[in-house]
Amino acid sequence: MSVTKQSGDSTTSTTAPLLTAATWSRWLVVGTVVMSCGHMFGLPAITAPVALVVAGLAFLAGIPHGAIDHLMAKRLSGGTPLLAVAAVYVGAAAAAWALLQWVGPIALVAAVLFSAVHFGLGELEVSRLLTAWRPRRIPAAAIVVAGSGALVLPLARSGDQLLRVATAVSPELAVLISAAPVQTALLSTWCVAASVAVAAALRSGHRTVALDVVLIGALGMAAPPLVAFAVWFGCWHALRHTARLLTVEPGCAALLGDGRGRAATWRLVRLSAVPSLAALTAVLALGWFTVASPNPTTMVAEVLRLLLALTVPHMVVVWWLDSVPFRRVHGPGAQPAAAPSPSKFQRRLRPLPNPYLSIATKRRSFERPRGVGELPRRDGPRLR
């Protein structure tokens with residue numbers, strides 16, 4: 001989704017923020033994997049208190065990425081009053097939080113499944129925007145499942161920290177994810193999907209899509225389970241979605257089209273400031289009441305429950321945004337950007353001309369067609 005169109009080999013101005021966010025997210029994940037594996041090379045291992053602090057900060061960093069959902073919902077709904085849109089959004093999040101708090105593990109399992117689908121669809125959309133690749137149904141479904149690996153793999157591993165947090169959220173959920181058949185099924189499903197996604201991406205020449213799947217798998221397998229999901233949520237998913245918002249929000253997209261990327265970023269910051277402060281205040285208030293508790297996992301559990309509740313209206317808005325026609329988001333007259341130009345590697349992979357076919361073509365071009373350039377034939381007098 002973008003507004004302007006730019007020709008040539010340069011990257012379109014509206015895909016530049018997403019490309020930057022994708023690059024930074026990869027480096028942050030690589031750094032987390034290296035730190036997690038540092039004990040294998042003599043570096044100090046990540047202790048439990050440090051892991052909880054990192055997870056809490058990463059969760060907090062990911063909260064603002066849905067801060068302008070109400071503005072996008074207002075535009076998508078055709079100009080519904082902002083107060084009504086905000087009321088519906090907050091009401092949906094409050095209802096989801098209440099269900100997660102009192103209904104039991106059924107609502108929690110449903111929220112986790114919906115979140116996994118939301119995360120996977122986000123990865124598929126980012127790959128489409130960055131590469132202009134439209135995979136078929138099976139590779140697309142594989143990318144969706146593989147893209148949720150930072151949630152699926154930590155659940156399959158179920159470390160002590162994650163189990164303590166899951167127990168604080170719902171004891172029944174902790175029993176479910178600690179069952180060996182469930183862990184085996186989650187791990188097997190992700191490995192099959194990742195293999196299909198990587199093979200399809202490499203076959204199509206999109207190495208960055210395959211790289212993202214590999215990095216997600218490395219993070220989910222190497223880092224502590226709770227840290228893996230938190231870092232992916234705050235430093236990968238939220239970062240990339242925020243970059244997408246720069247190309248979707250009409251004012252930011254117009255500034256990007258004029259080459260004013262910094263102004264577009266500051267506009268997004270101003271639009272998301274108040275909702276972000278409200279959500280962060282709610283999380284810090286929960287932390288204030290639980291910080292004196294001898295069990296610090298309670299705070300992380302409350303933050304995770306709040307994130308799951310906020311995910312429900314957020315993923316509805318994102319799904320709505322991805323499914324509507326382009327002009328309903330940006331208004332009449334807007335034009336989507338052209339597909340990004342092929343990279344040097346992709347240009348290098350273009351098939352070379354067949355020398356034998358070229359020689360045959362040249363020979364045919366020099367051959368004179370029959371009857372061309374010949375003098376008209378005159379028949380002599382017929383002898384009787």
Side-chain angles (χ1 to χ4, degrees), residues 1-3 14 17-18 21 59-101 107 111 114-115 117-119 121-122 125-126 129 233-234 237-256 263-286 302-332 334:
M1 298 180 184
S2 52
V3 173
T14 50
L18 186 56
F59 283 140
L60 291 176
I63 288 178
H65 82 281
I68 67 168
D69 284 348
H70 59 293
L71 299 178
M72 302 311 303
K74 176 186 176 182
R75 189 170 186 86
L76 291 169
S77 61
T80 303
L82 185 60
L83 185 60
V85 172
V88 172
Y89 192 95
V90 174
W97 183 84
L99 291 174
L100 294 173
Q101 184 75 21
F114 287 141
S115 299
V117 173
H118 166 68
F119 295 149
L121 290 175
E125 185 66 19
V126 168
L129 292 174
F233 174 77
H237 173 74
L239 187 60
R240 295 183 175 204
H241 181 77
T242 303
R244 286 183 58 197
L245 292 178
L246 287 172
T247 67
V248 171
E249 201 280 322
C252 296
L255 291 172
L256 285 178
T265 303
W266 279 113
R267 172 182 169 82
L268 185 62
V269 170
R270 290 194 301 269
L271 292 175
S272 59
V274 175
S276 298
L277 288 176
L280 291 174
T281 301
V283 172
L284 292 177
L286 292 173
E302 293 298 331
V303 172
L304 183 59
R305 185 182 286 112
L306 180 60
L307 288 177
L308 288 174
L310 291 173
T311 299
V312 174
H314 168 68
M315 63 185 178
V316 172
V317 173
V318 173
W319 174 82
W320 193 3
L321 185 65
D322 292 338
S323 60
V324 299
F326 179 85
R327 288 177 178 81
R328 281 192 59 187
V329 182
H330 299 277

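Predicted model, so just to flag it, every value in this text is computed and none were measured.
Interatomic distance, CE of Met72 versus CG of Leu245, reported as 7.0 Å (0.5 Å rounding). Expressed to the nearest 0.5 Å, how far CG of Leu321 lies from CD of Glu249 amounts to 11.0 Å. The distance from the OG1 atom of Thr311 to the CZ atom of Phe233 is 6.0 Å, given to the nearest 0.5 Å. To the nearest 0.5 Å, atom CH2 of residue Trp266 and atom SG of residue Cys252 are 13.0 Å apart. Taken to the nearest 0.5 Å, the OG1 atom of Thr247 stands 6.5 Å off from the CG atom of Leu129.
With a 4.5 Å cut-off on side-chain heavy atoms, Trp320 and Met315 do not count as touching. Put simply, the side chain of Leu82 reaches to within 4.5 Å of the side chain of Leu71, judged on heavy atoms. Put simply, the side chain of Asp322 reaches to within 4.5 Å of the side chain of Arg244, judged on heavy atoms. Between His314 and Tyr89, some side-chain heavy-atom pair lies under the 4.5 Å cut-off.
Scanning both residues, Ala243 and Leu18, for their nearest heavy atoms gives CB-CA, 3.7 Å. Across every non-hydrogen atom of Leu308 and Ala111, the tightest pair is CD2-O, 4.4 Å. Arg75 and Pro250 get closest at one heavy-atom pair: NE-CG, 3.4 Å. Leu100 and Ala309 get closest at one heavy-atom pair: CD1-N, 3.8 Å.
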Under 3.5 Å, sequence neighbours excluded: what are the donor-acceptor pairs made by side chains of residues 268-279?
| unit_1 | atom_1 | unit_2 | atom_2 | d |
| --- | --- | --- | --- | --- |
| Ser272 | OG | Leu268 | O | 2.8 |
| Ser272 | OG | Val269 | O | 3.4 |
| Ser276 | OG | Ser272 | O | 2.6 |

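For His70, there are no side chain to side chain donor-acceptor pair (under 3.5 Å) partners, not counting sequence neighbours.
Within the structure, salt bridge (charged side-chain N to carboxylate O under 4.0 Å, His left out) pairs that include any residue of residues 77-86 do not occur (at least two apart or interchain).
Looking at Lys74 and Asp69, no side-chain N of the basic residue comes within less than 4.0 Å of a carboxylate O on the acidic one, giving no salt bridge.
Side-chain atoms of His241 never come within 3.5 Å of backbone atoms of Ala238 as a donor-acceptor pair (strictly under, hydrogens ignored).
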